[in-house]
*Asks:* 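Take this structure first; my questions come after.
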2 protein chains.
Amino acid sequence: MTDLLKKNIALNVTLNDQEFARFAEPFRVTTVQKKEFLLQEGEVCGFEAFVNKGCFKVYHLNDKGFEQVVYFATENWWITDIDSFIHQTPSQLSIQALEDSEILVINKADKEKLYEDMPKVEKLFRVMTQKTHIALQRRMIDTLSKTADQRYQDFLQRYPDIASRLTNIQIAAYLGVSHEFVSKIRKKISRS
Amino acid sequence: MTDLLKKNIALNVTLNDQEFARFAEPFRVTTVQKKEFLLQEGEVCGFEAFVNKGCFKVYHLNDKGFEQVVYFATENWWITDIDSFIHQTPSQLSIQALEDSEILVINKADKEKLYEDMPKVEKLFRVMTQKTHIALQRRMIDTLSKTADQRYQDFLQRYPDIASRLTNIQIAAYLGVSHEFVSKIRKKISRS
DNA sequence: AATCACTGTTGACGCATATCACCTTTGTAT
DNA sequence: ATACAAAGGTGATATGCGTCAACAGTGATT
């Protein structure tokens, strides 16, 4: 149940079996059906979750009513609306399952107890947040300086396993372009 | 010398005078002249710095030879190339002073000692990184779903004090648009 | 099997923004 | 004070991408 989680955190911090047991204790296994929402805009996000199986999109509905995908999360990714979770303010993001999924959920109070009880957990989430931040910084640079064509191809190369589970419409919502234009990019690629 | 730093970290963590003294000890005051580089692309970033006075731009030179500004840092901001600093790999970013400035610099080894000696420092940088990440996530959404016009006006509203110290060219490099277009946006605004 | 919703494709047209060229204004160094 | 570099502004033209509309393909639901 928590095997994948154990491997995941081992990337950032070393815990012995007893420490990991304490860490894993407050997590609850939850199954989520395709199309089900973990969080809807306006709700306060009280959880953080680790994806054991399945796929989610974390997105914002912009002024024009378009979904802007902040990120996709498949096996081994963490999901939350970090802004709403930390500040306990209404969420501007929604989180929806794109496949039948299984996640490990921890609530805010339990996570804060972990921070207090285990200094290594501070380090774990510091390092995880830093890595996430680095990835987002790179995406920011690419978004501002590359064409949609290049960004589409970069996405396929960087996340081939995720891309194959998504529709063009979902990928377009991540890249911030219309799905019709993604379709035209694909046509152009297939000709060359 | 470290008054501003003391106030800055007090936003995220509580340290008594003795603890703060230990925290501040490894920082070195450094003056930097306008146009001087703290870091150039290709170098490994071995420091993190707190801005006491002045202004910096952190930017990436893209394929077309254009500067893409990742962020500006004035008084009370921290600067580093977090990617290069953490992984000790060659930097893809450059950091240059836009004004004569004064910073407090800590090197990587000393920062790691702080992490080991003071659990509160783990928390400090975890929370700081989370806040930075939230801000970048919001910027990402805005970049993908708003026009240059809106983003320019948002920038002026959100950072009026920084904007007034920058040229249009620098603001354009942050927004990811040409400086000519920023000029046209300004004209349009002034007419209305 | 039939239906209906969702996804993908294509073309015509329009808008946001880039590019280029040139000029004016401002700042800076001697 | 002069000269030169950098910043700011403007118009003409080009391009990337959006919008809209229509249609075909693919899956889901009954």
Side-chain angles (χ1 to χ4, degrees), chain A residues 33-37 55 57 59 61-69 72 96-100 141-156 162-192, chain B residues 33-37 55 57 59 61-69 72 96-100 141-156 162-192:
Chain A
Q33 275 203 319
K34 185 172 174 171
K35 296 190 182 174
E36 197 176 319
F37 285 90
C55 184
K57 67 176 169 188
Y59 68 95
L61 218 58
N62 71 26
D63 306 342
K64 299 165 210 151
F66 277 113
E67 288 183 10
Q68 176 57 56
V69 172
F72 298 107
Q96 188 183 24
L98 300 177
E99 302 172 358
D100 292 343
I141 292 171
D142 285 354
T143 299
L144 288 171
S145 57
K146 297 187 172 179
T147 64
D149 191 330
Q150 287 173 310
R151 284 184 285 130
Y152 177 71
Q153 301 200 45
D154 288 353
F155 182 78
L156 295 189
I162 301 183
S164 64
R165 294 157 80 168
L166 301 173
T167 67
N168 279 356
I169 293 175
Q170 288 156 354
I171 295 175
Y174 177 89
L175 297 175
V177 300
S178 70
H179 70 97
E180 293 96 332
F181 195 67
V182 168
S183 179
K184 284 163 193 171
I185 291 170
R186 286 160 62 98
K187 188 185 177 190
K188 208 180 86 184
I189 294 170
S190 70
R191 275 197 312 246
S192 60
Chain B
Q33 275 203 317
K34 184 172 174 170
K35 295 192 182 175
E36 198 177 317
F37 284 89
C55 183
K57 67 175 170 188
Y59 67 94
L61 217 58
N62 70 26
D63 305 342
K64 300 166 207 149
F66 279 113
E67 287 182 10
Q68 177 56 56
V69 171
F72 297 108
Q96 187 183 24
L98 300 177
E99 302 172 359
D100 292 344
I141 292 170
D142 285 354
T143 299
L144 288 171
S145 58
K146 295 188 173 180
T147 64
D149 192 329
Q150 287 172 309
R151 285 183 284 131
Y152 176 70
Q153 301 201 45
D154 288 352
F155 182 78
L156 295 189
I162 301 183
S164 63
R165 295 157 79 169
L166 300 173
T167 67
N168 279 356
I169 294 175
Q170 286 156 356
I171 296 176
Y174 177 89
L175 298 175
V177 300
S178 69
H179 68 94
E180 293 97 329
F181 195 66
V182 168
S183 179
K184 283 162 193 171
I185 291 170
R186 286 160 63 97
K187 188 186 176 187
K188 206 179 86 183
I189 294 170
S190 69
R191 275 197 312 246
S192 61

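Residue numbering restarts at 1 for every chain, and letters A, B, ... go by the order of the sequence lines.
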*Asks:* Using a 4.0 Å heavy-atom cut-off across all strands, classify A:Thr167 as base, sugar-phosphate, or nothing.
*Replies:* sugar-phosphate

*Asks:* In whole angstrom, what separates B:Ile185's CD1 from C:dA16's P?
*Replies:* 11 Å

*Asks:* Measure from the side-chain heavy atoms of A:Ser178 and tell me the nearest of D:dG9, D:dT19, C:dT17.
*Replies:* D:dT19

*Asks:* Considering just the side-chain nitrogens and oxygens of B:Lys34, establish if one lies under 4.0 Å of OP1 or OP2 belonging to C:dT28.
*Replies:* yes

*Asks:* CD of B:Gln68 versus P of C:dA18: gap in Å, rounded?
*Replies:* 11 Å

*Asks:* Taking five pairs at each end of the helix from C:dA1-D:dT30 to C:dT30-D:dA1, what angle separates the two helix axes (nearest 10°)?
*Replies:* 50°

*Asks:* Roughly how many Å is it from NE2 in B:His179 to C1' in C:dT17, rounded to a whole number?
*Replies:* 14 Å

*Asks:* Mapping A:Glu180 and B:Ile169 onto DNA chain D by nearest heavy atom, which one lands closer to the 5' end?
*Replies:* B:Ile169

*Asks:* Look at the side-chain N and O atoms of A:Lys187 and state whether any lies under 4.0 Å from the OP1 or OP2 oxygen of C:dG11.
*Replies:* yes

*Asks:* Using only modelled atom types and a 3.5 angstrom limit, is any donor from either the side chain of A:Lys184 or the base of C:dG11 paired with an acceptor on the other?
*Replies:* yes

*Asks:* Taking NZ from B:Lys35 and P from C:dT28, how many angstroms apart are they, rounded to a whole number?
*Replies:* 8 Å

*Asks:* Looking at every strand, decide which applies to A:Lys64 at a 4.0 Å heavy-atom threshold: base, sugar-phosphate, or nothing.
*Replies:* nothing

*Asks:* Tell me the interatomic distance from A:Gln150, atom CD, to D:dC17, atom P, rounded to whole angstroms.
*Replies:* 9 Å

*Asks:* I'd like to know if the side chain of B:Asp100 and the backbone of B:Lys34 have a donor-acceptor N/O pair within less than 3.5 Å.
*Replies:* yes

*Asks:* Heavy atoms only, 4.0 Å cut-off, all strands: where does A:Thr147 land among base, sugar-phosphate and nothing?
*Replies:* sugar-phosphate

*Asks:* Using only heavy-atom distances, determine whether the side chains of A:Asp154 and A:Gln150 contain a donor-acceptor pair under 3.5 Å.
*Replies:* no

*Asks:* Taking all non-hydrogen atoms of both residues, which atom of B:Tyr152 and which atom of B:Ile185 are closest, and how far apart?
*Replies:* CD2-CG2, 3.7 Å

*Asks:* What distance separates A:Thr167 OG1 from A:Leu98 CG, expressed to the nearest 0.5 Å?
*Replies:* 8.0 Å

*Asks:* Between C:dT7 atom P and A:Ile171 atom CD1, what is the distance in whole Å?
*Replies:* 12 Å

*Asks:* Please say whether the positively charged group of A:Lys184, taken as NZ for Lys or CZ for Arg, lies over the ring of A:Phe181, i.e. under 6.0 angstrom from the six-membered ring centre and within 45 degrees of the axis.
*Replies:* no

*Asks:* Determine whether a donor-acceptor pair (N or O, by modelled atom type, separation under 3.5 Å) exists between the side chain of B:Gln96 and the backbone of B:Lys35.
*Replies:* yes

*Asks:* Just N and O in the side chain of A:Arg186: are any of them under 4.0 Å from OP1 or OP2 of C:dG8?
*Replies:* no

*Asks:* Respond yes when some side-chain nitrogen or oxygen of A:Asn168 is under 4.0 Å from OP1 or OP2 of C:dC6, and no when none is.
*Replies:* no

*Asks:* Could you give the CG-to-C1' distance, from B:Leu144 to D:dG18, as a whole number of Å?
*Replies:* 15 Å

*Asks:* I want to verify a distance call: between D:dG18, C:dT19, D:dG9, whose nearest atom is closest to the B:Phe66 side chain?
*Replies:* C:dT19

*Asks:* Could B:Lys64 and B:Phe66 be counted as a cation-pi pair, given that NZ or CZ must be under 6.0 Å from the ring centre and within 45° of the axis?
*Replies:* no

*Asks:* Using the salt bridge (Lys or Arg N to Asp or Glu O under 4.0 Å) rule, take B:Lys188 and B:Asp149 through it: C-alpha gap first, then chi angles, then the decisive distance, then the call.
*Replies:* CA-CA 9 Å; B:Lys188 206 179 86 183; B:Asp149 192 329; 2.6 Å; yes

